[in-house]
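Some notes on the structure that comes next.
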Amino acid sequence: MTDDELLDRHFLGDGTVRAALAQRMAADAAMRAAFVARSRFETILRRACIQQSSAVHTPLRPGRPASGWWLAAAAAVLVIGVGSSAWLFRNREPEPFVAVVNGTVLADGQAVRTAQSGTALVVGDAPAAITLVDGSTATLSAASRLTFHERSGKTRATIELASGRGSFAIAKGPDQVHVTTAVGRVVVLGTRFSVAANPAQRTMDVSVDEGRVEVQVGDERVLLTNGERRSFIDPAVRSRRSRDGLVVATSDGRLAVRSVREGEGAVEQLVVARDADLVIDGRPASLLELPPGSRIRYVIEDDLVIALTAHGQLITAKVASVEPDALLVSTTGQQQPLRLELDPLVEVAIDGRPAGISQISIGSKASLLMSTDGRRVMAVTVATPKADLRSSKPKPGKPGADRLDSDGPARPGGP
Amino acid sequence: MTQDALTRRFLENRNGLFSYLLALSGDPAVAEEVFQEIGVTVLRESARGAEPADPEAWLRGVARHRLADHYRAEKRKHSREVGFAGFADVVEQAFAEHPPSAADPGEILRLRECLDQLAPRARAIVDARYRDDQCLDEIAEDLGWTTNSVKVALSRARKALGECIARRRLSTG
C-alpha cells in the first residue's frame with residue numbers, strides 16, 4: 001500500500017490501517033511531515049467547504065446540515081462560559097474577514113481586533129491599519145467609516161467606504177476588488193491607491209500610487225494609472241446648486257428671491273418643485289407660509305427648487321438673563337434688555353456642543369437665530385469666554401464682550 | 001495565565017488542535033465531538049487557574065486523553081482502541097516535529113477560490129464529503145458510481161486543490 005493510500009484510508013476513518021500508518025510514520029520523518037500536512041489540509045478543506053456552502057453547488061442529495069461548528073464553539077466558549085450546552089457548539093459563525101493590525105477600530109462602539117464580513121467599522125481618533133484575508137491591506141484615516149464585504153461572485157472583496165480616507169494595497173489575484181463610496185466605485189486587480197470619500201460634499205478623490213484602477217461614477221468609466229489623481233462628484237448632485245437669498249415674494253409654485261451671492265437688486269424668479277422639501281423655522285411647511293423677507297438657503301436642480309430652508313435674522317447679543325422660555329439680551333443701541341421668546345424646538349449649543357438653555361451663562365455672548373417672523377429664537381450658539389478667546393482676541397481698550405452686534409435690527413414683537 | 005488568555009490560546013490554535021484530533025481519529029465526526037469536549041475542559045481548567053507552560057502541548061495532551069476516553073466509552077468501536085496508544089505516540093511525535101502554523105486566513109480564502117474552479121461534479125463530491133460528512137458509499141450511491149470511483153475522484157480533486165493553492169500562494173507572494 002502506498003503512503004498516499006495509507007493517508008487516504010486513515011482520513012476516511014479506516015481504523016484498520018492505523019498500525020501500518022504508525023509503522024511508516026515511526027520509520028520516516030518525511031511521512032510524519034506528510035501526515036501533519038494532510039491533517040491540516042483536511043481541516044481547512046472542511047472549513048472552506050462549510051464556509052462556502054451555498055445554493056450554487058447542488059448537493060448530490062439533501063444532506064445533513066453542515067457541521068462547521070468549531071469556530072462557533074470557540075466563540076461560544078468566550079461568550080458563554082463554563083456550563084454551556086454542547087448544542088451551542090453546533091451553531092455556525094462566519095470567519096473573521098479582516099484583522100486590525102494597528103490602531104483602534106470600533107464596531108458597535110467596541111474596539112475589535114477582527115471583524116466579519118459586513119460589519120460596520122469606525123476608525124478611532126488615530127489612523128489604523130487593517131489586513132484582509134487575502135493579504136490586502138488598508139491604512140485608514142482617523143474616524144473613517146467603512147465596511148468590508150467578502151466575495152460575491154467574481155468580486156474578491158468589496159470595501160464600502162462611507163467616509164474618510166483609505167490607502168489600499170490590494171494583493172494580486174485573478175478577481176477584482178471594489179472600493180465603493182456614495183459617489184462611485186473603484187475597481188482594482190492588484191495595486192496601491194487611495195480613496196477619500198466626502199459624503200457631505202458627495203465627492204470622491206482617487207489617487208493611484210502603483211498599477212491601474214478603473215473608476216466608475218454613474219455611466220462614466222475612467223482609467224487612472226501611476227501617479228494620477230482625480231476628484232469625482234456624485235452625478236446626482238452635479239447639476240445641483242445651493243444658494244442663500246432673501247424672499248421677495250411667493251405665489252403658488254413660484255418664488256422670487258433676491259440672491260445674496262448676486263448682490264442687491266438681483267432678483268431671481270424660480271419654480272418650486274411640487275415635491276420640494278420646504279422647512280420653515282425647523283418645521284415642514286408649504287411655500288405660501290414663507291413670509292417675504294425670510295432668509296433662505298435653497299437648492300436648485302435642473303432649474304427647479306428642490307429644497308428650501310427658511311429662518312429669520314441672526315443676532316449677536318449679550319445674555320442678561322435666562323428664563324425657561326425666554327432670554328433677556330442686550331444688543332447694540334438698546335438701553336433696555338430685549339425679551340426674546342424661545343421656540344419650543346430651540347437648539348442650544350455651547351462651544352459647539354448641544355446644551356440646555358439653563359447652561360447659558362449670564363453675560364456670555366450669544367448668536368441668536370430668529371424665526372422668520374422675528375418673534376422666536378430658533379437657535380442659540382454660545383462661545384464661552386475661554387473658547388471665545390481662541391477665536392477672537394479682543395483688541396486693547398475694546399473688550400470683545402462689550403461689543404454687541406447684529407446683522408440687522410432685531411424685530412421683537414413682530415416684523 | 002488568565003482564563004481569558006488560556007481560552008484565547010485555545011481559540012488561536014483551534015485549527016491545529018482540530019487537525020491533531022483528525023489525525024488521531026481519522027474521523028471528522030469523532031474529531032468534532034471530542035473538540036467540543038475539549039472546549040468545555042479548557043474553560044473548566046482555566047477557571048481553576050490552570051497555567052500550562054506549553055499550552056499547545058497541554059491541549060494536545062487533553063485531546064489525546066479525551067479521545068481515548070471517547071473510544072473507551074464507544075464499545076462498538078472497541079477495535080479502534082486497539083493500538084491507539086502507540087498510534088497516538090507517533091502522531092504526537094509528528095505534531096511536535098511539525099506544529100501546525102498559526103491560522104493563515106489567506107489560505108482559507110485561496111482554497112475557497114480554488115474550490116470555485118473545480119468542475120461541478122468534482123465540487124459536488126468534495127462538498128458531499130467535507131461539507132456534508134457523507135461517507136464514500138453514500139456518495140457512490142447518490143452518483144450511481146462505484147465506491148472506488150468516488151475515492152479516485154476525491155483524491156484527484158484534493159490534488160487539484162493542493163496545486164491550485166500552491167499556485168495562488170506563489171502568485172500572491
Side-chain angles (χ1 to χ4, degrees), chain A residues 4 8 10-15 18-19 21-22 25-26 29 32-33 35-37 39-53 57-61 63-64 66-67 69-71 73-75 77-78 81-82 84 86 89 95-96 99 133-135 151 156 171-175, chain B residues 7 10-11 14-16 18-20 22-23 26-28 32 35-36 39-40 42-44 47 79-80 83-84 86-87 90-91 93-95 97-98 100 105-109 111-113 115 120 123-124 126-128 130-136 139 142-143 151 155 158 161-162 168 171-172:
Chain A
D4 281 345
D8 281 351
H10 174 70
F11 285 103
L12 285 169
D14 183 352
R18 186 175 293 156
L21 183 57
M25 288 168 62
R32 292 196 293 275
F35 178 79
V36 173
S39 64
R40 187 165 183 275
F41 183 74
E42 293 274 329
T43 298
I44 66 167
L45 182 52
R46 287 173 57 76
R47 287 183 59 190
C49 286
I50 289 166
Q51 282 179 17
Q52 214 172 28
S53 61
H57 303 286
T58 307
L60 298 175
R61 68 172 186 183
R64 285 173 282 167
S67 51
W69 48 267
W70 60 82
L71 255 185
V77 162
L78 269 182
V82 180
S84 311
F89 294 159
E95 288 281 300
V133 290
D134 68 346
R151 169 175 291 280
R156 195 191 330 165
K172 288 180 181 174
D175 297 327
Chain B
T7 308
F10 167 65
L11 296 179
R14 59 186 181 274
N15 291 335
F18 187 83
S19 297
Y20 185 71
L22 193 58
D27 186 334
E32 285 179 1
F35 185 91
Q36 293 177 21
V40 175
V42 166
L43 281 169
R44 189 185 301 123
S79 61
R80 291 191 173 209
F84 175 73
F87 181 68
V90 76
V91 170
Q93 181 188 356
F95 272 73
E97 290 172 349
H98 306 283
E107 189 161 21
I108 294 279
L109 184 67
L111 183 50
R112 288 169 61 177
E113 290 171 346
L115 281 166
R123 176 62 194 266
V126 169
D127 276 345
Y130 289 97
R131 185 191 66 195
D132 303 332
D133 283 343
Q134 287 186 256
C135 68
L136 297 192
I139 299 171
D142 291 339
L143 289 173
K151 189 175 169 182
S155 180
R158 271 197 305 266
L161 290 170
R168 282 169 186 262
S171 66
T172 58

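A, B, ... follow the sequence lines: proteins, then strands. Residue 1 opens every chain. Here the structure is a predicted model, which means the values were calculated and not measured. Atoms considered below: every heavy atom in the structure, side chains included; atoms not considered: hydrogens, waters and symmetry mates.
- Ring centroids of B/Y20 and B/F35 are separated by 6.0 Å or more, keeping the two rings apart.
- Here the side chains of B/L115 and B/R123 are in contact, with some heavy-atom distance below 4.5 Å.
- With chain B as the partner, the residue from A/A29, A/A33, A/A37, A/A99 showing the most heavy-atom pairs under 4.5 Å is A/A33.
- A 4.5 Å side-chain heavy-atom check between A/R32 and A/V36 finds every atom pair outside the cut-off.
- In this structure, the portions of A/A26 lying under 4.5 Å from any heavy atom of chain B include both its backbone and its side chain.
- Atom CG of B/D27 sits about 9.5 Å away from atom NE2 of A/H10, to the nearest 0.5 Å.
- For A/F35, the part lying under 4.5 angstrom from a heavy atom of chain B is the side chain only.
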